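Here the structure is laid out as structure tokens; the discussion comes afterwards.
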2 protein chains.
Amino acid sequence: MGNSKLYKGSLNTIILKLLDENGKMYGYEITQKVKALSGGDLNITEGALYPALHKLEAEGLLEVEVAKVDNRLRKYYKLTESGEKETVNRLAELEDFIRSMQKLVNPNWSID
Amino acid sequence: MGNSKLYKGSLNTIILKLLDENGKMYGYEITQKVKALSGGDLNITEGALYPALHKLEAEGLLEVEVAKVDNRLRKYYKLTESGEKETVNRLAELEDFIRSMQKLVNPNWSID
DNA sequence: TAAATATACATAAATTTCTTATGCATAAAA
DNA sequence: TTTTATGCATAAGAAATTTATGTATATTTA
């Protein structure tokens with residue numbers, strides 16, 4: 001990411017969850033969505049995003065569908081069945097992480 | 001860490017906050033404290049902890065005091081003045097991260 | 001009492017994940 | 001017509017970690 005607001009490892013979880021919500025998305029679309037949802041706060045760099053997408057695909061969590069729109073290439077990614085299961089795990093891990101951090105660094109925080 | 005529950009970058013924040021709460025701690029004590037507070041969920045590996053402590057010290061955020069207890073060496077770390085200020089910043093960043101993840105992956109979570 | 005575990009530090013090699021810097025190409029806007 | 005936006009990609013380097021060791025003393029267990 002362009003700034004220091006995200007912890008390493010969280011990018012994959014973001015990608016998986018966005019795909020889970022939106023069915024299918026292409027790389028550039030993901031960067032814009034993250035920027036929009038975070039109010040311009042978070043910038044996913046291409047150097048981080050594309051390798052991450054390729055790796056998730058190599059792991060069998062995503063599958064690709066190439067399309068040509070306005071004479072420009074797009075690679076639509078969507079979750080595989082295995083990817084959907086893994087998304088559930090990753091989100092649970094994120095919740096665990098947040099709860100752990102809550103206990104460790106701030107007993108005043110909590111998750112609803 | 002020995003598990004996949006922690007996002008990279010969070011270790012420093014954990015160390016700073018624990019020292020802020022407990023005044024002074026030594027490395028092994030930190031690993032045990034994290035294990036206890038997380039219910040055995042989180043394991044800080046020595047390979048991650050000691051280099052992190054050395055780096056925080058080199059940055060001037062921690063200072064060391066060596067002690068010998070039961071004929072065994074202990075290195076007590078505590079926050080410097082600069083370390084106390086930085087702890088506030090790191091905790092704020094962690095809050096920002098959690099709020100960002102909340103918006104991105106689960107609109108149902110919130111921080112009190 | 002010998003062996004295993006706990007306490008306590010440390011570092012080095014490899015891996016993962018990210019940033020920064022490029023590169024290519026087309027479309028739209030200034 | 002030059003800049004910005006759209007859209008992909010990779011390579012070099014940095015940062016934080018894992019995994020694998022190494023050393024040493026104290027305590028527990030078989």
Side-chain angles (χ1 to χ4, degrees), chain A residues 1-16 24-36 40 42-59 61-62 64-77 90 93-94 97 100-101, chain B residues 1-16 24-36 40 42-59 61-62 64-77 90 93-94 97 100-101:
Chain A
M1 353 246 114
N3 44 47
S4 56
K5 293 272 182 62
L6 277 194
Y7 287 89
K8 291 185 181 178
S10 56
L11 177 57
N12 287 314
T13 307
I14 291 174
I15 292 172
L16 292 174
K24 64 175 186 176
M25 301 179 80
Y26 55 100
Y28 186 76
E29 187 184 11
I30 293 175
T31 67
Q32 300 309 301
K33 192 79 174 177
V34 168
K35 198 181 289 186
L42 302 178
N43 272 332
I44 295 182
T45 62
E46 295 149 304
L49 178 67
Y50 291 114
L53 287 172
H54 299 161
K55 199 186 174 203
L56 288 170
E57 186 195 354
E59 288 166 351
L61 304 183
L62 303 186
V64 192
E65 181 197 325
V66 179
K68 203 155 195 177
V69 180
D70 288 331
N71 205 33
R72 268 199 243 92
L73 189 73
R74 281 184 189 173
K75 284 188 163 182
Y76 281 97
Y77 289 89
R90 300 288 179 100
E93 260 183 33
L94 177 60
F97 167 72
S100 294
M101 291 309 275
Chain B
M1 350 250 112
N3 45 53
S4 55
K5 292 271 182 63
L6 276 194
Y7 288 86
K8 292 182 182 178
S10 57
L11 178 56
N12 287 315
T13 307
I14 291 174
I15 292 172
L16 292 174
K24 65 174 186 178
M25 300 179 81
Y26 55 99
Y28 186 76
E29 187 184 12
I30 293 176
T31 67
Q32 301 309 301
K33 190 79 174 179
V34 167
K35 198 181 288 183
L42 303 178
N43 272 332
I44 295 183
T45 60
E46 296 149 302
L49 179 66
Y50 292 114
L53 287 172
H54 300 161
K55 200 188 173 201
L56 289 170
E57 186 196 354
E59 289 166 353
L61 304 182
L62 304 186
V64 193
E65 180 197 327
V66 179
K68 204 158 195 175
V69 180
D70 288 330
N71 204 35
R72 268 200 241 89
L73 189 74
R74 279 185 191 171
K75 284 189 162 181
Y76 281 97
Y77 289 89
R90 301 289 178 100
E93 259 182 37
L94 177 60
F97 167 71
S100 295
M101 291 308 277

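Note that the coordinates shown come from a computational prediction; the quantities given were computed from them, not determined experimentally. A note on names: the letters A, B, ... follow the listed sequences, proteins ahead of strands, and every chain is numbered from 1.
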Under 4.0 Å, heavy atoms only, any strand: does Gly47(B) hit a base, just the sugar-phosphate, or nothing?
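Base, at least one base atom sits under 4.0 Å.
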
Sugar-phosphate only, base, or nothing, as touched by Gly27(B) at under 4.0 Å among non-hydrogen atoms
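The answer is sugar-phosphate, as Gly27(B) gets under 4.0 Å only of primed atoms, P, OP1 or OP2.
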
Whole-Å distance between [N] [atom2] and [X] [atom1]?
{"X": "Asn43(A)", "N": "dA21(C)", "atom1": "CG", "atom2": "P", "value": "15 Å"}
{"X": "Arg74(A)", "N": "dG7(D)", "atom1": "CZ", "atom2": "P", "value": "4 Å"}
{"X": "Ile15(B)", "N": "dT17(D)", "atom1": "CD1", "atom2": "C1'", "value": "12 Å"}

Taking the side chain of [X] as heavy atoms from C-beta outward, which of [options] is closest to it?
{"X": "Glu46(A)", "options": "dA16(D), dC9(C), dG7(D)", "result": "dG7(D)"}
{"X": "Lys8(A)", "options": "dC9(C), dA9(D), dA15(D)", "result": "dA15(D)"}
{"X": "Asn71(A)", "options": "dT6(D), dT26(C), dA26(D)", "result": "dT26(C)"}

Taking the side chain as C-beta and beyond, is there a heavy-atom pair between [X] and [Y] under 4.5 Å?
{"X": "Leu94(A)", "Y": "Tyr7(B)", "answer": "yes"}
{"X": "Leu11(A)", "Y": "Leu6(A)", "answer": "no"}
{"X": "Lys35(B)", "Y": "Ile44(B)", "answer": "no"}

Both Arg72(A) and Val69(B) contact DNA chain C. Taking the nearest nucleotide for each, which residue is further toward the 5' end?
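Its nearest nucleotide being more 5', the pick is Val69(B).
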
Out of curiosity, Leu62(A) CG to Asn12(A) CG, how far, rounded to the nearest 0.5 Å?
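Atom-to-atom, Leu62(A):CG and Asn12(A):CG are 9.0 Å apart.
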
Phosphate oxygens OP1/OP2 of dC9(C): is one of them under 4.0 Å from a side-chain N or O of Tyr28(B)?
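For dC9(C), neither OP1 nor OP2 has a side-chain N or O of Tyr28(B) closer than 4.0 Å.
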
Whether Lys68(A) contacts dG7(D) is assessed here as follows: a side-chain N or O lying under 4.0 Å from the phosphate OP1 or OP2. Is that the case?
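The answer is no; no side-chain N or O of Lys68(A) sits under 4.0 Å from OP1 or OP2.
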
Nucleic acid contacts of residues 50-58 of chain B, taken as heavy-atom distances under 4.0 Å to DNA chain C
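Output list: Tyr50(B), Pro51(B), His54(B).
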
If every non-hydrogen atom of His54(B) is compared with every non-hydrogen atom of Tyr77(B), which pair is closest and at what distance?
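Nearest heavy atoms, His54(B) then Tyr77(B): CD2-OH, 3.7 Å.
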
